[in-house]
Amino acid sequence: MRYSGIGGQAVIEGVMMKNADKYAVSVRKPDGEIEVKVETRKSWKDKCKLAGVPIIRGVVTFVESLVTGMGSLNYSASLWEEEEEKSEKKENSNDLIMGLVVMLAVIIAIGLFVLLPFFVSELLSKAIPSAQLRGLLEGVIRVALFVGYVKVISFMEDIRRVFMYHGAEHKCINCLENGCELTVENVRKQTTVHKRCGTSFMLVVMFVSILFFMFISVSNMWIRMVLRILLIPVIAGLSYEFIILAGKSENAVMNVLSKPGLWLQSLTTKEPDDDMIEVAISSVEAVFDWKAFLAEKEMVGNVSKKVAKSVADVAATKEMQEAGFEVVEVDDDDEEDDEILQALDRYFEAPPQKSENEDEEAK
């Protein structure tokens, strides 16, 4: 599998795909047509060198993904508004609404998945005096809350369709990175899970937070609570580095460590239908030249095979020489010698022809 660099997310009746500075949102409108919107957004990493430093770049990427994702969701929702006036009002106040939604989402996530597990574990401080055990319990509660939340919302019909588009997004990326042409038939055969998924990222964040909070011990409860909030960017940055490394690596250890995230994706991805796959393909094609990507991959593969063959030939020659054999080079391009050998083969393989006297005697 070869790293493509593209990523995305599911939106309402559509898929957003991002490649470098460009991202496209493809949505299946109520009339059945596919609407594709392409935008360019420069990353902070291109404007500030500090934003590209490991761990810091993870925080920057997370914030940018959150903003782009919310904007894509808002756009896809606007296409399903029945009244044009509502859509116009949304466009005029788009930035304000998106900012408020992002802030609200962050506050709810911190309250539900950071502070609530913390306070529950603190209530058990008398029963569990060990700070390390309480930190472990806090992490277990956090993971259980997250898994339960995802499971509950997966029963909603609208969310289920979003999860199906999420599956279509993963299938398209897997199709390309497995070296297949981007067609509905090829995409349909792919798996719905991917190591660089945001679901895996969230689970890694929770596991990393367990390690942090088990061993960072402060006597004052309120300072411990503040530390949990302040360390969120650091934990997110470390988790991002892991996800990127896992997405580029086929190492056995990385594959094992990625398994929990892939298992969790069985809740957040569902098998899409062909119409959903078409939407995902249109989003990829708007920002990514997959034909050039596959051609380059094939060329690299051919070069690797030739290099491997040359190395094997050299190794075999050296081994024979060390065994005492004399290795003689043969010119495979000597057409004259080939013609002579072929003629001799035809002569000896041809059936013997009888003479005229032998034919008469036979009669």
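Positions are given from 1 along the sequence. FYI, side chains are in, hydrogens and waters are out, and symmetry mates aren't considered; it's all heavy atoms of this structure.
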Tell me which donor-acceptor pairs under 3.5 Å the side chains of residues 131-146 have, and how far apart each pair is, sequence neighbours excluded?
{"unit_1": "Gln132", "atom_1": "NE2", "unit_2": "Met214", "atom_2": "O", "d": "3.4"}
{"unit_1": "Arg134", "atom_1": "NH1", "unit_2": "Ile128", "atom_2": "O", "d": "2.9"}
{"unit_1": "Arg134", "atom_1": "NH1", "unit_2": "Pro129", "atom_2": "O", "d": "3.1"}
{"unit_1": "Glu138", "atom_1": "OE1", "unit_2": "Arg228", "atom_2": "NE", "d": "3.2"}
{"unit_1": "Glu138", "atom_1": "OE1", "unit_2": "Arg228", "atom_2": "NH2", "d": "3.0"}
{"unit_1": "Glu138", "atom_1": "OE2", "unit_2": "Arg142", "atom_2": "NH2", "d": "2.6"}
{"unit_1": "Glu138", "atom_1": "OE2", "unit_2": "Arg228", "atom_2": "NE", "d": "2.9"}
{"unit_1": "Arg142", "atom_1": "NE", "unit_2": "Phe113", "atom_2": "O", "d": "2.4"}
{"unit_1": "Arg142", "atom_1": "NH1", "unit_2": "Ser209", "atom_2": "OG", "d": "3.4"}

State plainly whether one hydrophobic cluster holds both [X] and [Y], where clusters connect Ile, Leu, Val, Met, Phe, Trp and Tyr through side-chain heavy atoms under 4.5 angstrom apart.
{"X": "Leu182", "Y": "Val279", "result": "yes"}
{"X": "Val193", "Y": "Val204", "result": "no"}
{"X": "Ile216", "Y": "Leu211", "result": "no"}
{"X": "Phe215", "Y": "Phe212", "result": "yes"}
{"X": "Leu112", "Y": "Leu231", "result": "yes"}

Can you see which heavy atom on [X] is nearest to which on [Y], and at what distance?
{"X": "Tyr75", "Y": "Ser78", "result": "O-OG, 2.5 Å"}
{"X": "Ile6", "Y": "Leu176", "result": "CD1-CD1, 3.8 Å"}
{"X": "Leu262", "Y": "Ser200", "result": "N-OG, 4.0 Å"}
{"X": "Asp275", "Y": "Arg28", "result": "O-NH2, 2.9 Å"}
{"X": "Ala236", "Y": "Phe201", "result": "O-CE1, 3.5 Å"}
{"X": "Asp21", "Y": "Asp46", "result": "OD1-OD2, 3.4 Å"}

Give, for atom [atom1] of [X] and atom [atom2] of [Y], the distance between the pair rounded to the nearest 0.5 Å.
{"X": "Leu294", "Y": "Asp289", "atom1": "CG", "atom2": "CG", "value": "9.5 Å"}
{"X": "Met276", "Y": "Ile281", "atom1": "CE", "atom2": "CD1", "value": "14.0 Å"}
{"X": "Met70", "Y": "Thr68", "atom1": "CE", "atom2": "OG1", "value": "11.5 Å"}
{"X": "Ser258", "Y": "Ile243", "atom1": "OG", "atom2": "CD1", "value": "6.5 Å"}
{"X": "Ser121", "Y": "Leu116", "atom1": "OG", "atom2": "CG", "value": "9.5 Å"}
{"X": "Ser72", "Y": "Glu39", "atom1": "OG", "atom2": "CD", "value": "9.0 Å"}

Student check: side-chain heavy atoms of [X] and [Y] closer than 4.5 Å:
{"X": "Val36", "Y": "Glu285", "value": "no"}
{"X": "Arg196", "Y": "Ile173", "value": "yes"}
{"X": "Val208", "Y": "Phe242", "value": "no"}
{"X": "Val284", "Y": "Asn19", "value": "no"}
{"X": "Thr199", "Y": "Val150", "value": "no"}
{"X": "Ile277", "Y": "Asp274", "value": "yes"}

Answer yes or no: does atom [atom1] of [X] have more than 12 heavy-atom neighbours from other residues, nucleotides or ligands under 6.0 Å?
{"X": "Lys291", "atom1": "NZ", "answer": "no"}
{"X": "Asn220", "atom1": "CG", "answer": "yes"}
{"X": "Glu122", "atom1": "CD", "answer": "yes"}
{"X": "Phe119", "atom1": "CZ", "answer": "yes"}

Is a donor from one side chain sitting under 3.5 angstrom from an acceptor on the other, for [X] and [Y]?
{"X": "Thr183", "Y": "Asn186", "answer": "yes"}
{"X": "Thr269", "Y": "Lys171", "answer": "no"}
{"X": "Tyr165", "Y": "Glu13", "answer": "yes"}
{"X": "Thr192", "Y": "Glu271", "answer": "no"}

Name every donor-acceptor pair, under 3.5 Å, that has one atom in a side chain of residues 53-60 and the other anywhere in the protein, sequence neighbours excluded.
{"unit_1": "Arg57", "atom_1": "NE", "unit_2": "Glu241", "atom_2": "OE1", "d": "3.4"}
{"unit_1": "Arg57", "atom_1": "NE", "unit_2": "Glu241", "atom_2": "OE2", "d": "2.8"}
{"unit_1": "Arg57", "atom_1": "NH2", "unit_2": "Glu241", "atom_2": "OE1", "d": "2.7"}

So, the side chain of [X] versus the backbone of [Y]: is there a donor-acceptor pair under 3.5 Å, distance only?
{"X": "Ser154", "Y": "Lys151", "value": "yes"}
{"X": "Arg224", "Y": "Ser219", "value": "yes"}
{"X": "Asn174", "Y": "His194", "value": "no"}

Measure the acute angle between the ring planes of His170 and His166, then classify it against the limits of 30° and 60° as parallel, tilted or perpendicular. perpendicular
Show your working on side-chain hydrogen bond (donor to acceptor under 3.5 Å, both in side chains) between Lys45 and Thr61 and close with a plain yes or no. CA-CA 9 Å; Lys45 291 180 286 188; Thr61 302; 3.1 Å; yes
Only pairs under 3.5 Å count here: list side-chain donor-acceptor contacts from residues 246-253, not counting sequence neighbours, and write none if there are none.
{"unit_1": "Ser249", "atom_1": "OG", "unit_2": "Asn251", "atom_2": "N", "d": "2.9"}
{"unit_1": "Asn251", "atom_1": "OD1", "unit_2": "Val253", "atom_2": "N", "d": "2.7"}
{"unit_1": "Asn251", "atom_1": "OD1", "unit_2": "Met254", "atom_2": "N", "d": "3.4"}

With side-chain contact (heavy atoms from CB on, under 4.5 Å) as the criterion, how do Cys180 and Lys189 come out once you've worked through the C-alpha distance, each side chain's angles and the decisive distance to 0.1 Å? CA-CA 10 Å; Cys180 302; Lys189 299 174 184 176; over 6 Å; no
Are the charged groups of Arg41 and Glu64 less than 4.0 angstrom apart, N to O? no
Taking 4.0 angstrom as the limit, do Glu177 and Lys195 come out as a salt bridge? no
Candidate list Val25, Leu73, Val162, Val15, test side-chain contact (heavy atoms from CB on, under 4.5 Å), partner Gln9, passing option: Leu73
Could you walk me through whether Ile223 and Leu227 pass the side-chain contact (heavy atoms from CB on, under 4.5 Å) check? CA-CA 6 Å; Ile223 294 178; Leu227 279 176; 4.3 Å; yes
Should Leu115 and Met225 be marked as a side-chain contact (heavy atoms from CB on, under 4.5 Å) after you check the CA-CA gap, both sets of side-chain angles, and the distance that decides it? CA-CA 7 Å; Leu115 299 182; Met225 184 189 71; 3.5 Å; yes
Could you tell me if the ring centre of Phe213 sits under 6.0 Å from that of Phe118? no
Going through the checks in order, is the side-chain contact (heavy atoms from CB on, under 4.5 Å) test met by Val27 and Ile12? CA-CA 7 Å; Val27 179; Ile12 298 173; over 6 Å; no
